[in-house]
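Notes follow once the structure below has been shown.
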Amino acid sequence: MFDFLASMLKVAKIPYTENAALAPKSTFKVGGKARLYITPQNPEELESTIAAVHSAEIPFFLTGGASNVVYPDGIYEGAIISTQSVKEIFYDPDEITPDGAVLVSCQCGTPMAAFVDFCTRKNLTGAEQFAGLPGTVGGAVYMNARCFDRSVSDILYSTKHIEFEGDKARQVEVPFNSEDWDYKKSPFQAPVASVKSQLYITQATFRLSPASPADHDRIAADCKKYIAERVDKGHFKYPSAGSVFKNNHAFGAPSGKLIDDCGLKGLTIGGAQIAPFHGNFIINTGNATAADIKALVQVAQKAVHDKFGFNLEPEIIFV
Ligand SMILES: Cc1cc2nc3c(=O)[nH]c(=O)nc-3n(C[C@H](O)[C@H](O)[C@H](O)COP(=O)(O)OP(=O)(O)OC[C@H]3O[C@@H](n4cnc5c(N)ncnc54)[C@H](O)[C@@H]3O)c2cc1C
């Protein structure tokens, strides 16, 4: 089946690598190898790739920046499809919504950093909090990423995705509907029984506010401030996938505080450690495996449940 898929990709001229090492491709620097690692170059190639993998009946995982995932140890007997080359940005300054917003559309693999830089260059305000967020637009939309009290859904205007009807794929544009979104929840996360009901984001359109030329320095300074805060908190000191567990605001204490109160900061299993500087970060101290990270997740969940009766919900995704 892998040979069949590889030959389909070759004919379609869609780039792929066989037996690709996964650790260097994720921010956690963890994982073995994937039988195929495919990098479609545009939304049409992304659609044909998903259709081809589907018809070859090969398990697959779609990834953007791989900044929220833990790749498996050993061999992943499937295909990793990376969107990172699908990264055009579209903007028409004359297209203004009735309430005065301007729209910036990003293909799914656009790095969030490139989107934020684009807004800064064009003097558009509203996305500053996302400066320094690793990963792509597709991943941020899927996760409904939240930074400094701002969620991606707060600035979303519409999304485009690929969906399957029978064996036919089509691209659909959906206007933002606030009822489908919540803290770290997006409609793209619905549990899926088969590829036919799963949705693959190809593009997101964001609403921004045009700022006056005098505001340019303020926008740039805010972006710098948010990045500096992440650096100060140690976000980039070690490989990680950011916060491991979602926060439950109703519970009243952030997950990192609960883990800290259980005395778990610094706890090490193999090459993975609960960061001594941040209870909700697990870091790779050099040779962590997915199994080490999973074990730490389970220890934290049990300790917090035993002490507080609260179930920590993982935010990171084990592929
Ligand atoms: C140092 C550090 C700091 C972080 N800080 C934050 C933070 O402040 N706030 C926060 O919310 N997160 C944070 N994260 C986590 C992570 O950066 C975000 O969740 C990010 O939005 C994930 O984007 P990605 O492209 O890397 O997605 P991936 O990790 O590649 O994928 C995440 C999920 O999205 C799905 N996905 C990706 N692209 C698509 C697509 N096109 N269509 C459908 N599904 C798709 C994947 O299948 C997977 O289920 C941090 C991570 C790190 C390493």
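Counting starts at 1 for both ligands and their atoms, following the listed order.
Taking each of Pro43, Cys147, Ala66, Ser240 in turn, the one with a heavy atom nearest to atom 28 (P) of ligand 1 proves to be Ala66. Looking at Gln84, Arg146, Met143 and measuring to atom 19 (O) of ligand 1, the nearest heavy atom belongs to Met143. For atom 43 (C) of ligand 1, the nearest non-hydrogen atom from the set Thr202, Ile283, Ile201 belongs to Ile201. The closest non-hydrogen atom to atom 40 (C) of ligand 1, taken over Leu62, Ile316, Val137, Leu46, comes from Leu62.
Side-chain atoms of Phe61 and Ile317, non-hydrogen and from C-beta on, do get closer than 4.5 Å to each other. Within the 4.5 Å cutoff, the side chain of Thr39 has heavy atoms near those of the Ser82 side chain. No side-chain heavy atom of Tyr37 sits less than 4.5 Å from a side-chain heavy atom of Glu18.
Under the 3.5 Å distance criterion, with hydrogens and angles disregarded, no donor-acceptor pair is assigned to the side chains of Thr120 and Asp117. Side-chain contact, Ser153 with Arg146: no donor N or O sits under 3.5 Å from an acceptor N or O. Of the N and O atoms on the side chains of Asn280 and Ser255, not one donor lies less than 3.5 Å from an acceptor on the other residue. A donor-acceptor pair shorter than 3.5 Å can be found between the side chains of Glu173 and Ser158.
Ile81 and Tyr200 fall within the same hydrophobic cluster, defined by Ile, Leu, Val, Met, Phe, Trp and Tyr side-chain heavy atoms under 4.5 Å apart, directly or through other members. Hydrophobic clustering, with ILVMFWY side chains joined whenever heavy atoms are under 4.5 angstrom apart, keeps Val86 apart from Tyr142.
Distances below 4.0 Å separate heavy atoms of Ile317 from the following atoms of ligand 1: 33 (C), 48 (C), 49 (O). Atoms of ligand 1 lying under 4.0 Å from at least one heavy atom of Thr63, given by number and element, are 30 (O). Counting the atoms of ligand 1 from 1 in the order shown, those under 4.0 Å from a heavy atom of Gly135 are 23 (O), 24 (P), 25 (O), 26 (O). The atoms of ligand 1 that sit less than 4.0 Å from any heavy atom of Lys184 are 10 (C), 11 (O). For ligand 1, the atoms lying closer than 4.0 Å to a non-hydrogen atom of Cys108 are 41 (N). Numbered from 1 in the order shown, with element, the atoms of ligand 1 that lie under 4.0 Å from a heavy atom of Gly242 read 2 (C), 3 (C), 4 (C), 50 (C), 51 (C), 52 (C), 53 (C). Every atom of ligand 1 is numbered from 1 in the order shown, and the set under 4.0 Å from a heavy atom of His235 is 1 (C), 3 (C).
Of the heavy atoms in Thr136, both backbone and side-chain atoms come closer than 4.0 Å to ligand 1. Under 4.0 angstrom from ligand 1, the non-hydrogen atoms of Thr27 all belong to its side chain. Residue-level proximity to ligand 1 for Ala241 is carried by the backbone, the only part with a heavy atom below 4.0 angstrom. For Arg230, every heavy-atom contact with ligand 1 shorter than 4.0 Å involves the side chain, none the backbone. Contacts between Ala140 and ligand 1 below 4.0 angstrom, taking non-hydrogen atoms only, involve backbone and side chain alike. Using a 4.0 Å cut-off between heavy atoms, Leu133 contacts ligand 1 through its side chain alone, with no backbone atom that close.
The single protein non-hydrogen atom nearest to atom 23 (O) of ligand 1 is Gly139 CA, 3.5 Å, given as residue, atom name and distance. Atom 44 (N) of ligand 1 has its closest protein heavy atom at Tyr142 CD1, 3.3 Å. In this structure, atom 26 (O) of ligand 1 lies nearest to the protein heavy atom Ser67 OG, 2.6 Å.
Contact analysis leaves Gln189 out of contact with ligand 1, as no non-hydrogen atom separation drops below 4.0 angstrom. Phe61 counts as a contact of ligand 1, since one of its heavy atoms falls under 4.0 Å from the ligand. Residue Met112 places no heavy atom under 4.0 Å from ligand 1. For Phe188, the heavy-atom gap to ligand 1 stays at 4.0 angstrom or more.
With Asn144 contributing its side chain and Val141 its backbone, the two residues share no donor-acceptor pair below 3.5 Å.
For the side chain to side chain donor-acceptor pair (under 3.5 Å) criterion with Glu163, the lone passing option out of Gln198, Gln171, Arg170 is Arg170.
Under the 6.0 Å distance and 45° angle rule, Arg207 does not count as a cation-pi partner of Tyr157. Relative to the ring axis of Phe277, Lys237 places its NZ or CZ within 45° and under 6.0 Å from the centre.
Applying the 6.0 Å contact sphere to CZ of Phe148 captures more than 12 heavy atoms from other residues, nucleotides or ligands.
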